[in-house]
Protein chains: 2
Amino acid sequence: MTLTDVARRAGVSVATASKALNNRSEVAEETRSRVRLAAAELSFPPGRETIFGTSRVIGLLTDEPGGRLSIPVLLGVEESLGDTETSVVLCDARGDPGRRRHHIRTLLDRRVEGFIVLGEDNDVRPSLTRDIPVPVVYVYGESDDLADLSVLADDAEGARLAAEHLLSLPRRRVGHITGPKSSRAARDRAAALRRVLDGRGLVPAGGEPLYGEWSRRWGRHAARDLLAADPGVDAIFCGNDQIADGVCEALAGLGRAVPGDVAVVGYDNWRTLAADCRPPLTTVDEELGRMGAIAMECLSAALDGRPASGVIRHPGRLVVRESTGPAAT
Amino acid sequence: MTLTDVARRAGVSVATASKALNNRSEVAEETRSRVRLAAAELSFPPGRETIFGTSRVIGLLTDEPGGRLSIPVLLGVEESLGDTETSVVLCDARGDPGRRRHHIRTLLDRRVEGFIVLGEDNDVRPSLTRDIPVPVVYVYGESDDLADLSVLADDAEGARLAAEHLLSLPRRRVGHITGPKSSRAARDRAAALRRVLDGRGLVPAGGEPLYGEWSRRWGRHAARDLLAADPGVDAIFCGNDQIADGVCEALAGLGRAVPGDVAVVGYDNWRTLAADCRPPLTTVDEELGRMGAIAMECLSAALDGRPASGVIRHPGRLVVRESTGPAAT
């Protein structure tokens, strides 16, 4: 298979085919496309500097089955790329090391230039870097190798924003309902809330945080328990939006107005839920898209020979809606 | 760059490197990995039959921003592949034709062997096949070219399952609250419900279907309107789970028991919502994963020289939960 075959198939001269494959600017975009397609159809031996031109492919490796994290991160990575000639491809390893190795190998075979590894929670995970001979950045899930770069959500800062907001309303009897204690994110958020309360000399409503699961059902259940334990609770900080949704439902059933009697804050700003809840939820947005963009910026720097190490914690922001807004009467 | 360089870098003989790159079984898996990595690191000219062995890469092109469809379809595609050496990579075009062309070109450059094109709704979309010189299958979104193969959710059959279920309870005054009339899925489901009711000589509760938006907020609002228009309604079929969730909330607020007074059916079986709703929702599961698997099976057949055309409609199934279950008292 030679350049002549490619030129013939594309209906151009050999000189034009060569220019097109070398991405030279004097070839019209339409012609370049046609030549590249012809080359692909003929499996013309690529050679990075010929067919690929300046285009890059980045692999986004995920283990997270629901797409709640991976799609926003993917969109954020792409957003940060703007008009550059880079494509991002998402591969799902389903938490299976064998499948992950296979994906990595296959993508390297296809000459993916770099990887972003997405965790399924904010926990520490084993580094994959020694198996990957191209630059790697970790996002939402911290590599256990300090030589790697990890971009993490700052759970402590997110919880601090929520707590300070509740105290500013002002509320004084703040309870906390969250996910399982095995989750680092749940523990970090609970600890940060506690630090803010301690700093003001306040005690948590209902005592210890109510650890459970990340579901609406748990929110409904735990809210009833919390109000039974401390009927004077005037604010509930929830570990995610689903829990907050269930808390709001339970409060409505108990005849407590949100935010009039009890202000509620969620976590995640999950777009299909938070704004459509009754009332719409004040919540912490981790800005997953922004985290993806930061990871891509770091990966681009590494691809340009400027790798970095360590941990970047992204603080996120508080989105204020009616669940802590002016009290309805 | 020669095979000798690859062998040296991998620390094996040239014969072993050659066998590894040709995917011969007498080479240990660990050695094969090492040689492939070395080849990738050196950008050793690939050649499908050498480095790639039997491994394939399939591109899943999506335009759907939320990941509600794309992730289940991706998982279903992978499920159907089992232990074969195929990787699926997801690329997001964000509805932008330029970005889509760029992704297609880049993936073809990296020798992706086939494409699955995922729509963002069940509507007809322009065929992309003429721009893609490898096999293509469409899923959840019908290609406008009859020569293509499209795997679609069978909205009429899904709605029929829901309607027959409600009538079997038995319920007789069935209302319908759904998404925008501009949505083909919404119209097809409404028409199928109407056919079932007509067949039994029943009239729809509240008259025409209530078209609106795919949100919980709309469900809450429309349920109040429907009950005002027809206080005797004893069942509400909803166009998606979010609407059904809002309907249940509104019914609770109006003092109507679900399912005692009003049975409610949703659509989608969206896992983070349907089972966690109060009460848990009976809903139609389109089986997106199964649709992905069917698409992949069709694509594999096309890759093996047995392409197909036309439309496959996948019926889905009804998942029965408490919102139509034995009436609570």
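Convention: sequence-line order gives letters A, B, ...; per-chain numbering from 1. Just so it is clear, the model here is predicted, and its values are computed rather than measured.
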**Student:** Report, in residue-number order, which members of residues 68-77 of chain A are under 4.5 Å from chain B by heavy-atom distance.
**Tutor:** Ser70(A), Ile71(A), Leu74(A), Leu75(A)
**Student:** If you measure from CD on Gln242(B) to CG on Asp276(A), what distance do you get to the nearest 0.5 Å?
**Tutor:**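 Between Gln242(B) CD and Asp276(A) CG, I get 6.5 Å after rounding to 0.5 Å.
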**Student:** Under 4.5 Å, heavy atom to heavy atom: which of residues 114-121 of chain A reach chain B? Give them by number, or say none.
**Tutor:**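 Interface residues of residues 114-121 of chain A: none, nothing closer than 4.5 Å to chain B.
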**Student:** What are the two closest heavy atoms between Ser87(B) and His103(A), and how far apart are they?
**Tutor:** OG-ND1, 3.0 Å
**Student:** Could you walk me through whether Arg111(A) and Arg111(B) pass side chain to side chain contact (heavy atoms under 4.5 Å, CB included), step by step?
**Tutor:** CA-CA 10 Å; Arg111(A) 299 205 283 193; Arg111(B) 299 207 282 195; over 6 Å; no
**Student:** Test of understanding: with ring pair (Phe, Tyr, Trp, His ring centres under 6.0 Å), list the residues that count as partners of Trp270(A), not counting sequence neighbours.
**Tutor:**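 Listed in chain order: Trp270(B).
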**Student:** With a 4.5 Å cut-off on heavy-atom pairs, point out which of Thr272(B), Val112(B), Leu273(B) contacts chain A the most.
**Tutor:**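 Heavy-atom pairs under 4.5 Å are most numerous for Thr272(B).
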**Student:** Return the option, out of Asp245(A), Leu107(A), Leu60(A), Leu108(A), with the maximum number of heavy-atom pairs under 4.5 Å with chain B.
**Tutor:** Asp245(A)
**Student:** Let me know which of Leu90(B), Val88(B), Val89(B) forms a side chain to side chain contact (heavy atoms under 4.5 Å, CB included) with Cys91(A).
**Tutor:** Val89(B)
**Student:** Where on Glu249(A) is there a heavy atom nearer than 4.5 Å to chain B: the side chain, the backbone, both, or neither?
**Tutor:** both
**Student:** Closest heavy-atom contact between Asp92(B) and Glu78(A)?
**Tutor:** OD2-OE1, 3.0 Å
**Student:** Does a side-chain N-to-carboxylate-O contact under 4.0 Å join Arg101(B) and Glu30(A)?
**Tutor:** no
**Student:** For chain A, find its close neighbours in residues 129-136 of chain B: heavy-atom separation under 4.5 Å, sorted by number, or none.
**Tutor:**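 The stretch touches chain A at Asp131(B), Pro133(B).
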**Student:** Test salt bridge (Lys or Arg N to Asp or Glu O under 4.0 Å) on Arg110(A) and Glu113(B) and set out the steps.
**Tutor:** CA-CA 11 Å; Arg110(A) 306 300 167 111; Glu113(B) 279 88 351; 3.2 Å; yes
**Student:** Between Arg105(A) and Leu37(B), does the side chain to side chain contact (heavy atoms under 4.5 Å, CB included) criterion hold? Intermediate values first, please.
**Tutor:** CA-CA 7 Å; Arg105(A) 211 158 50 213; Leu37(B) 268 184; 5.7 Å; no
**Student:** Between Glu213(B) and chain A, with a heavy-atom cut-off of 4.5 Å, which part of the residue counts as in contact: side chain, backbone, both or neither?
**Tutor:**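 For Glu213(B), there is no contact with chain A at all, as no heavy atom is under 4.5 Å.
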**Student:** Do Arg217(B) and Arg278(A) come within less than 4.5 Å of each other through their side chains, counting heavy atoms only?
**Tutor:** no
